[in-house]
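Everything below concerns the one structure shown next.
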Amino acid sequence: MKLKSQINNVIKNAFIRAGIEHEPMSVSEATKPEFGDYQFNGAMALSKKLGKNPREIAQNILDNLDLTGVLIKAEIAGPGFINLWLNPLWIGAQCQTALEDERLSVSTRENPIRVVVDYSGPNMAKQMHVGHLRSTIIGDTLANLLTFLGDEVIRQNHIGDWGTQFGMLIAYLEMKDEDGSVSLKDLEQFYKDAKGEFDANADFANKAREYVVKIQSGDAHCLNLWQKFIDISLGHCEEVYEKLNVNLTRDDVRAESFYNDDLPKVVEALATKGTLQESNGAQCVFLEGDEVPVIVQKGDGGYLYATTDLAALWYRAQKLGAKRISYVVDARQGEHFKQVFRVAKEAGFVPEDVKLEHIAFGTMMDKGGKPFKTRDGGTVKLIGLLDEAVVKAKETINNKEDYSPEQVDELAKIIGIGAVKYADLAINRESNYIFNWDKMLSFEGNTSLYMQYGYARIQSIFRKYNAPIEGEIIIGDALEHRLATMLLRFEDVLNRAAVDASPNQITTYLYELVTLFMRFYEQNPILKGGIDEEVKMSRLQLANLTAKTIKQGLDILGIKVVDKL
RNA sequence: GCGCUUGUGGCUCAAUUGGAUAGAGCAUCAGACUUCGGAUCUGAGGGUUAGAGGUUCGAGUCCUCUCAGGCGUACCA
């Protein structure tokens, strides 16, 4: 439920009754329990406009505030804050409603839009490395989130499958290909070997260059080799997606090569608009205020990635009809996207009302704060990292004897992968973050395991109870009040996270929720003796709604839960 | 050089986008168990938010400068 809007409505009505002719600003969550559940800070902002003392304005609002439904109490504090307390009866009823709803009372958008989320984007010439992790899981989370909120999401995996290196690779594939896929098991090694051959063997190098031209001109033999190479390479990526529990399929692939035919059209269109200029032999767009131009065609006639991105923007806005296009790409490419977005809008490839955004993220660092590399300075392969996570997760499982070997493996997968994903998503995406196995596989603090533990603990209650639950949710004390309020905030949090494209708002929320539940559970027994039946029923339902909310939240992050840890 | 970006307790991160006394976890110290799963909970110490100015009723957040780090700076993606 949109809790904030509900409270805002109450404030708005008070404004009308008080005769204040301004749109009230939104309430915010109280910073401390003593200050109530929510607070309204608008009186201070209004004081200048109305030429009145803020406390006077606050009093006027307070006098006109309806305290019979959503709210039960309001107080003025400090320079003119209005502290608001939610009505426990109302909260209880709302939690009840949420519990009965599959979507936990999270509404779907009234005006859904079509959104393109561009993420992952591996290079087919090489194996996926840790640099692809963040784009893949942040993008996937954003796509999941928007889908859940009711937008029409089109996932786009803009894989790098075009360019000069493929001439070399397919020439080498042809040379080495006795029976195909075997030699491609390790793409990294294959690339190195091909490069070695390229440097050592002049005939081979010539052939490689020749093959570049041949692919681009549509030579059937070379295209066939190329296709084979891409299929295998993409297969490796899919293995990673599968492990990561990421919702990317072959249908979501729109490779660089897909836009190949459109590249001349992009340049032509820019030329027609008159925005194109020749500079040092290259075709460029000079943007006002920018020193460096956007180069769309090289001196030798070749196209660049800016050209491809422009073609992709064109396609996504015009053909796919997207109203929001989100690029989940490394922060280092900020300037590139700023420029490309400007060109696309100024040239009319993308209509004015389409929102273009670069969802930038920072770099993954090692313990020493340096970019994450292997000992010899190479890139860390993603698949290896994920396998290691599963191995390490297995070590953390306490009572292995309670499970079959298959169950242990399954559990290790869920825990290990979940830990890696959660640790990444829990951090403000724009900052760099330090990768630390011990921290992410800990049960303490804001980690996936703490959430999993909280969830499993609640499931354990229901395994023990295992009988029908009847009755109402009755908010009995301050802790239950806070827990219930937190549960009702779920939709607000999701909406905010969707606007900002920041998964860490979801993780922060889940962490607060689970912490609150643990405290509640510690203080308020459920199945112990001497508990009134009514109270027991109410607490069981609060626990149930908590579990469902954890599960739904983690599901959006692409993290699975288990009933038993 | 120019541009972008970051700087918050010993460490790793938050801070509802300008709101009240800057919050968590780890680590340290002190508590709570015949465990509804203690993989938990309660409490304590620890901060001039890199520094200096400014705007504002109110600044970690906005502006200016300084210092320190990271990244980018036209025919790779």
Side-chain angles (χ1 to χ4, degrees), chain A residues 4 26-32 34-35 38-39 41 44-45 47-48 53-54 77-81 83 121 123 125 158 160 162-165 256 279-284 286 290-300 302-306 308-309 329-336 338 360 362-363 365 367 369-371 396 398 423 426-428 430-434 436 438-439 442-447 449-450 452-454 456-461 463-465 489 492-493 496 500 504-505 507-509 511-512 515 518-519 521-523 525-529 531 536 539 543 564-565:
Chain A
K4 252 186 205 179
S26 174
V27 295
S28 54
E29 284 104 47
T31 49
K32 281 175 192 191
E34 308 93 87
F35 297 155
Y38 278 78
Q39 56 177 264
N41 305 329
M44 277 92 75
S47 92
K48 203 162 244 178
N53 173 326
F81 297 101
N83 293 336
N123 186 335
H158 191 79
W162 210 238
T164 49
Q165 69 239 54
E256 281 174 11
S279 174
N280 297 329
Q283 297 298 320
C284 308
F286 283 88
D290 280 3
E291 237 175 88
V292 292
V294 179
I295 303 179
V296 293
Q297 192 170 21
K298 295 195 280 187
D300 67 3
Y303 301 103
L304 293 118
Y305 82 125
T308 311
D309 275 338
V329 182
D330 194 288
R332 280 172 289 196
Q333 296 193 38
E335 243 138 322
H336 164 72
K338 216 180 272 178
T363 315
M365 304 293 199
K367 266 188 179 172
K370 303 235 167 61
T396 70
N398 267 345
I427 280 158
N428 182 333
E430 290 185 71
S431 52
N432 296 342
Y433 84 102
I434 297 191
N436 182 336
D438 295 338
K439 198 186 150 197
S442 162
F443 280 87
E444 288 158 352
N446 188 7
T447 63
L449 280 175
Y450 185 75
Q452 301 268 18
Y453 177 69
R457 214 175 164 186
I458 296 172
Q459 296 317 307
S460 160
I461 299 171
R463 268 196 300 278
K464 189 156 285 187
Y465 180 68
R489 280 181 50 203
D492 285 343
V493 170
R496 185 60 176 275
D500 297 345
N504 79 310
Q505 292 186 26
T507 59
T508 301
Y509 169 79
Y511 178 56
E512 282 172 15
T515 304
M518 294 285 199
R519 293 174 61 187
Y521 191 44
E522 200 82 18
Q523 190 176 302
I526 297 179
L527 299 181
K528 282 182 178 168
I531 307 294
K536 187 200 273 184
R539 289 178 182 169
K564 259 173 100 175
L565 267 186

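Just so you know, these numbers come straight off a predicted model, no measurement behind them. Just so it is clear: chains get the letters A, B, ... in the order the sequence lines come, proteins before strands, and each one is counted from 1.
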* **Presence of A:Lys464 side-chain N/O under 4.0 Å of B:G37 phosphate oxygens OP1/OP2** => yes
* To do: Check every strand shown and say whether A:Lys528 touches a base, only sugar-phosphate, or nothing at a heavy-atom separation below 4.0 Å.
  => base
* To do: Answer with base, sugar-phosphate or nothing: what part of the nucleic acid does A:Ile526 contact at a heavy-atom distance below 4.0 Å?
  => base
* Please state the P separation for the pair B:G3 and B:G43 - nearest whole angstrom. => 50 Å
* Any side-chain heavy-atom pair of A:Tyr305 and A:Gln333 under 4.5 Å -> yes
* To do: Tell me the partner of B:G38, counting only Watson-Crick (N1-N3 plus N6-O4 or O6-N4) or G-U wobble (N1-O2 and O6-N3) with both under 3.5 Å; none if nothing fits.
  => none
* Can you tell me how far P in B:A44 sits from the matching atom in B:U5, rounded to whole Å? -> 39 Å
* Structure fact -> Result for 5'-nearest mapping on RNA chain B, choosing between A:Asn446 and A:Ser28, is A:Ser28
* Rounded to whole angstrom units, what separation is found between the CE atom of A:Met44 and the P atom of B:A20? -> 9 Å
* Backbone N or O of A:Ala456 within a donor-acceptor pair of the A:Ser460 side chain at under 3.5 Å? -> no
* To do: Round to a whole Å and report the spacing from CD of A:Gln297 to P of B:A77.
  => 13 Å
* Asked: Of the nucleotides B:G37, B:U42, B:C13, which one has an atom closest to the side chain of A:Tyr453?
  -> B:G37
* Is the ring of A:Phe35 stacked on the base of B:A20, with centres less than 5.5 Å apart and planes under 30° off? -> yes
* Exam field: side chain A:Asp492 to backbone A:Lys4, donor-acceptor pair closer than 3.5 Å -> yes
* Asked: With distance as the sole criterion, do the side chain of A:Ser279 and the base of B:A74 form a donor-acceptor contact below 3.5 Å?
  -> yes
* Asked: A:Gln523 has an atom CD; how far is it from atom C1' of B:U42, in whole Å?
  -> 10 Å
* **Minimum-distance nucleotide (side-chain atoms of A:Lys32 versus B:C57, B:U21, B:C26)** => B:U21
* Asked: Any side-chain heavy atom of A:Ile526 sitting closer than 4.5 Å to one from A:Tyr521?
  -> yes
* Given that both distances must come in under 3.5 Å, which nucleotide forms a Watson-Crick or G-U wobble pair with B:C29? -> B:G43
* To do: For B:A68 versus B:G58, give the span between their C1' atoms, rounded off to a whole number of Å.
  => 30 Å
* Scan A:Ile434 against the nucleic acid and name what it touches under 4.0 Å (heavy atoms): base, sugar-phosphate only, or nothing. => sugar-phosphate
* To do: Please work out if A:Gly334 contacts a base, only the sugar-phosphate, or nothing of the nucleic acid, heavy-atom cut-off 4.0 Å.
  => nothing
* Structure fact -> Here the distance between atom P of B:U61 and atom CD of A:Glu430, to the nearest Å, is 17 Å
* Interatomic distance at P, B:G25 relative to B:U40, whole Å -> 11 Å
* Flag the pair A:Asp309 / A:His336 as yes when at least one side-chain heavy-atom distance between them is below 4.5 Å, and no otherwise. => yes
* To do: Choose from B:U12, B:G70, B:A77 the nucleotide whose nearest atom is closest to any side-chain atom of A:Lys439.
  => B:U12
* Taking only side-chain nitrogens and oxygens of A:Arg539, does any of them come within less than 4.0 Å of OP1 or OP2 of B:C36? -> no
* Rounding to the closest angstrom, what is the interatomic distance between B:G19 and B:U61 at atom P? -> 11 Å
* To do: Name the nucleic acid region contacted by A:Ala426, choosing base, sugar-phosphate or nothing; use a 4.0 angstrom heavy-atom cut-off, strictly under.
  => nothing
* Asked: With both distances under 3.5 Å as the test, what is the Watson-Crick or G-U wobble partner of B:C62?
  -> B:G54
* To do: Tell me whether the OP1 or OP2 atom of B:C41 has a side-chain N or O from A:Tyr450 closer than 4.0 Å.
  => yes
* To do: Check every atom of B:C13, B:C36, B:C76 against the side chain of A:Tyr433 and return the nucleotide holding the closest atom.
  => B:C13
* A:Glu34, CD: over 12 other non-hydrogen atoms inside 6.0 angstrom -> yes
* For B:A14, the Watson-Crick or wobble counterpart (both distances under 3.5 Å) -> none
* Take A:Leu565 and A:Asn280, find for each the nucleotide of RNA chain B with the closest heavy atom, and name the residue whose nucleotide sits nearer the 5' end. => A:Leu565
* Please state whether the base of B:A77 and the side chain of A:Asp330 form at least one donor-acceptor pair under 3.5 Å? => no
* To do: Looking only at side-chain atoms of A:Glu29, point me to the closest of B:C71, B:G37, B:U16.
  => B:U16
* With heavy atoms under 4.0 Å as the rule, sort A:Gln333 into base, sugar-phosphate or nothing. => base
* Between A:Lys338 (NZ) and B:G3 (P), how many Å, whole number? -> 12 Å
* Asked: Reckon A:Asp309 touches a base, only the sugar-phosphate, or nothing at all at heavy-atom distances under 4.0 Å?
  -> nothing
* Any sub-3.5 Å donor-acceptor pair from A:Thr447's side-chain atoms to A:Ser442's backbone N or O? -> yes
* Asked: With a 4.0 Å cut-off on heavy atoms, is A:Met518 in touch with a base, just the backbone sugar-phosphate, or nothing at all?
  -> sugar-phosphate
* Asked: If we take the C1' atom in both B:A22 and B:G7, what is their distance in whole Å?
  -> 16 Å
* For B:C57, does OP1 or OP2 lie under 4.0 Å from any side-chain N or O of A:Lys48? -> yes
* Asked: For the side chain of A:Tyr521 and the base of B:C41, is some donor closer than 3.5 Å to an acceptor across the two?
  -> no
* Asked: In whole Å, what separates the C1' atom of B:C29 from that of B:C67?
  -> 37 Å
* To do: Taking only the side-chain heavy atoms of A:Gln39 (C-beta and beyond), determine which of B:A20, B:A74, B:A24 contains the nearest atom.
  => B:A20
* To the nearest Å, how far apart are A:Gln505 CD and B:A15 P? -> 7 Å
* Can you tell me the pairing partner of B:A20 across any strand shown, Watson-Crick or G-U wobble, with both distances under 3.5 angstrom? => none
* A:Phe81-B:A20 aromatic stacking (under 5.5 Å, under 30°) -> yes
* Where A:Leu565 and A:Leu449 come nearest, the two heavy atoms and their spacing -> CD1-O, 4.4 Å
* To do: Identify the two heavy atoms, one from A:Asn436 and one from A:Asp438, that lie closest to each other, and give their separation to 0.1 Å.
  => OD1-N, 3.0 Å
* To do: Using atom CG of A:Asn504 as one end and atom C1' of B:A24 as the other, report the distance to the nearest whole Å.
  => 14 Å
* Asked: So, do A:Glu335 and A:Asp290 sit near enough that their side-chain heavy atoms are less than 4.5 Å apart?
  -> no
* To do: Check every strand shown and say whether A:Ala331 touches a base, only sugar-phosphate, or nothing at a heavy-atom separation below 4.0 Å.
  => nothing
* A:Arg457 vs B:C36: side-chain N/O to OP1/OP2 distance below 4.0 Å -> no
* Taking any strand in view, what nucleotide pairs with B:G1 in a Watson-Crick or G-U wobble way, both distances under 3.5 Å? -> B:U73
* Structure fact -> note: A:Arg489, atom CZ; B:U16, atom P; distance rounded to Å ~ 12 Å
* Structure fact -> Per the O4'-C1'-N9-C4 / O4'-C1'-N1-C2 angle with a 90° window around 0, B:U35 comes out anti
* Under the 3.5 Å rule, do the base of B:U17 and the side chain of A:Arg496 count as making a donor-acceptor pair? -> yes
* Separation between the C1' atoms of B:C26 and B:G69, rounded to whole Å -> 24 Å
* Reckon A:Gln283 touches a base, only the sugar-phosphate, or nothing at all at heavy-atom distances under 4.0 Å? -> nothing
